[in-house]
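First up is the structure itself, then whatever we jot down about it.
Note that ligands are numbered from 1 as they come in the structure, with each ligand's atoms numbered from 1 the same way.
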Amino acid sequence: MEWIFKSTGEINHYNPHIHEGTQPIRVLNHMNVHMFINTHPNFAEELKKAINENGLSSKINIVFGETRIERTPYIRNDNKSIYLDETFLSYLWCICHTVWTVYIQEIDFPRCNSLNGKEVYKIDAQITEKAYDLFDYAKSLIVSYSKWDVDKMPNPEKYQAEYRDFIEQPNGFYTEAIKFILCHEYIHAIKHIDEINAGEYENSHFIEFEKEADYEAIELLKKGIFPNRINQIAVHVGITLGILSMLYFRPNTDAPRHPNTEDRLVVALNQLELSDDSPCWGIALIGMDLWAKQFDLGINWNTELNEKEAFEDFIAQIKAL
Ligand SMILES: [Zn+2]
């Protein structure tokens with residue numbers, strides 16, 4: 001465990017005896033399960049009940065393979081088993097890294113430095129540049145698979161201790177984003193699948209199920225915020241990033257069986273009862289701005305406004321498209 005105290009040199013978490021898969025995201029797969037089971041203090045009991053009484057599969061399946069993202073996470077209606085595509089997991093980590101890093105380097109550090117009247121936190125153009133490169137890599141995984149270069153690109157498996165904050169902080173948000181995704185599928189398992197299997201439903205009904213799955217999943221994660229709130233920021237940012245990650249597949253946000261992505265985001269951030277100065281507003285703005293630029297949507301981030309107001313203004317511009 002000496003890696004915990006390292007401040008210089010290489011950290012490499014890969015252990016062929018415990019890490020399955022070929023993509024560097026493999027080092028976090030066990031952590032995802034651990035975090036999910038411990039979503040809140042009584043969640044392990046709830047899960048047991050869901051497995052015994054609702055037929056939820058006790059296995060979370062990772063579909064390993066060097067392929068493009070075949071599917072975003074889903075639960076099968078016939079066996080109530082959750083499936084996660086290995087390449088999707090890589091993609092999600094990359095989104096967490098990019099959005100968080102750009103937020104820190106372009107919003108948070110400059111703000112702290114200007115409040116202090118001097119450079120307390122070093123702005124590093126190279127870190128930001130690599131984060132944008134990693135975003136390009138994430139988007140490329142939607143189209144075709146290529147190897148994640150652990151020697152050149154930020155990744156959770158192998159990195160320099162000097163840059164560990166920009167790896168390990170995103171790790172924390174990534175595992176929370178996965179927790180949110182797994183809880184969403186868990187709600188489908190205990191509340192919706194039997195109904196879906198029993199009858200015919202219009203698409204509008206599926207949208208209600210999706211809204212309920214988001215709402216109940218967020219309530220589960222909120223129950224897991226410790227009384228001292230030490231993990232609150234990770235939970236809030238993880239949920240925000242989990243929803244943002246749905247944006248980069250298409251220029252449109254509508255889908256026949258899901259609410260619009262921007263609506264999911266607005267509802268989630270309201271449900272989290274964020275303070276006006278929560279980092280989630282800025283993070284959501286960074287995430288939406290990356291998407292608007294990706295598809296040339298012509299949406300402008302009004303920097304005269306504070307982040308919460310700019311978020312609302314950005315959403316209004318999406319609605320007016
Ligand atoms: Zn769903």
Side-chain angles (χ1 to χ4, degrees), residues 32-33 35-37 39-40 43 46-47 49-51 54-63 69-89 91-92 95-96 142 173-224 235-236 238-250 252-272 284 287 291:
N32 286 339
V33 176
M35 296 296 285
F36 174 55
I37 292 171
T39 291
H40 65 68
F43 191 61
E46 266 188 49
L47 269 180
K49 199 167 160 243
I51 291 165
N54 298 91
L56 173 69
S57 166
S58 60
K59 188 170 190 284
I60 293 166
N61 307 274
I62 298 178
V63 183
I69 301 172
E70 305 276 358
R71 275 192 84 163
T72 51
Y74 67 101
I75 183 160
R76 270 170 59 165
N77 285 356
D78 56 350
N79 61 6
K80 293 186 186 165
S81 203
I82 298 171
Y83 290 81
L84 301 166
D85 190 305
E86 186 185 16
T87 309
F88 174 82
L89 299 178
Y91 161 87
L92 179 62
I95 300 297
C96 291
I142 296 170
F173 304 134
Y174 163 81
T175 51
E176 293 296 330
I178 291 285
K179 191 199 280 180
F180 167 62
I181 289 168
L182 293 175
C183 284
H184 174 111
E185 302 304 340
Y186 161 79
I187 297 296
H188 282 323
I190 62 166
K191 293 207 156 172
H192 306 139
I193 289 178
D194 290 340
E195 259 195 77
I196 290 170
N197 287 341
E200 294 271 308
Y201 279 107
E202 300 287 319
N203 280 346
S204 62
H205 215 99
F206 283 95
I207 291 180
E208 289 311 309
F209 288 151
E210 288 307 322
K211 286 182 181 170
E212 187 175 41
D214 272 357
Y215 179 83
E216 297 291 342
I218 291 170
E219 288 304 304
L220 288 173
L221 266 71
K222 279 168 78 173
K223 268 169 88 175
V235 170
H236 287 180
I239 292 168
T240 308
L241 290 168
I243 297 174
L244 285 170
S245 73
M246 294 296 133
L247 280 175
Y248 310 106
F249 291 83
R250 299 188 304 126
N252 308 323
T253 58
D254 59 325
R257 290 185 171 195
H258 282 83
N260 286 21
T261 310
E262 76 277 14
D263 294 338
R264 293 181 69 189
L265 190 58
V266 169
V267 169
L269 297 194
N270 280 330
Q271 194 184 338
L272 290 174
W291 166 72

* Aromatic ring proximity, centroids under 6.0 angstrom, Phe249 and Tyr91 ->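 Here the rings of Phe249 and Tyr91 have centres that are less than 6.0 Å from each other.
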* Aromatic contact, Tyr186 with Phe43 (centres under 6.0 Å) ->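 Ring centres of Phe43 and Tyr186 closer than 6.0 Å.
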Ion pair check, [X] and [Y], cut-off under 4.0 Å:
| X | Y | value |
| --- | --- | --- |
| Glu216 | Lys191 | yes |
| Glu219 | Lys222 | yes |
| Asp214 | Arg264 | yes |

* To do: Answer yes or no for Arg71 and Tyr74: cation-pi contact, defined as NZ/CZ to six-membered ring centre under 6.0 Å and angle to ring axis within 45°.
  =>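 The answer is yes, since Arg71 meets both limits relative to Tyr74.
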* Asked: When you check the space around the Zn ion (ligand 1), which protein N, O or S atoms turn up under 2.8 Å?
  ->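 Correct list: His184 NE2, His188 NE2, Glu210 OE1, Glu210 OE2.
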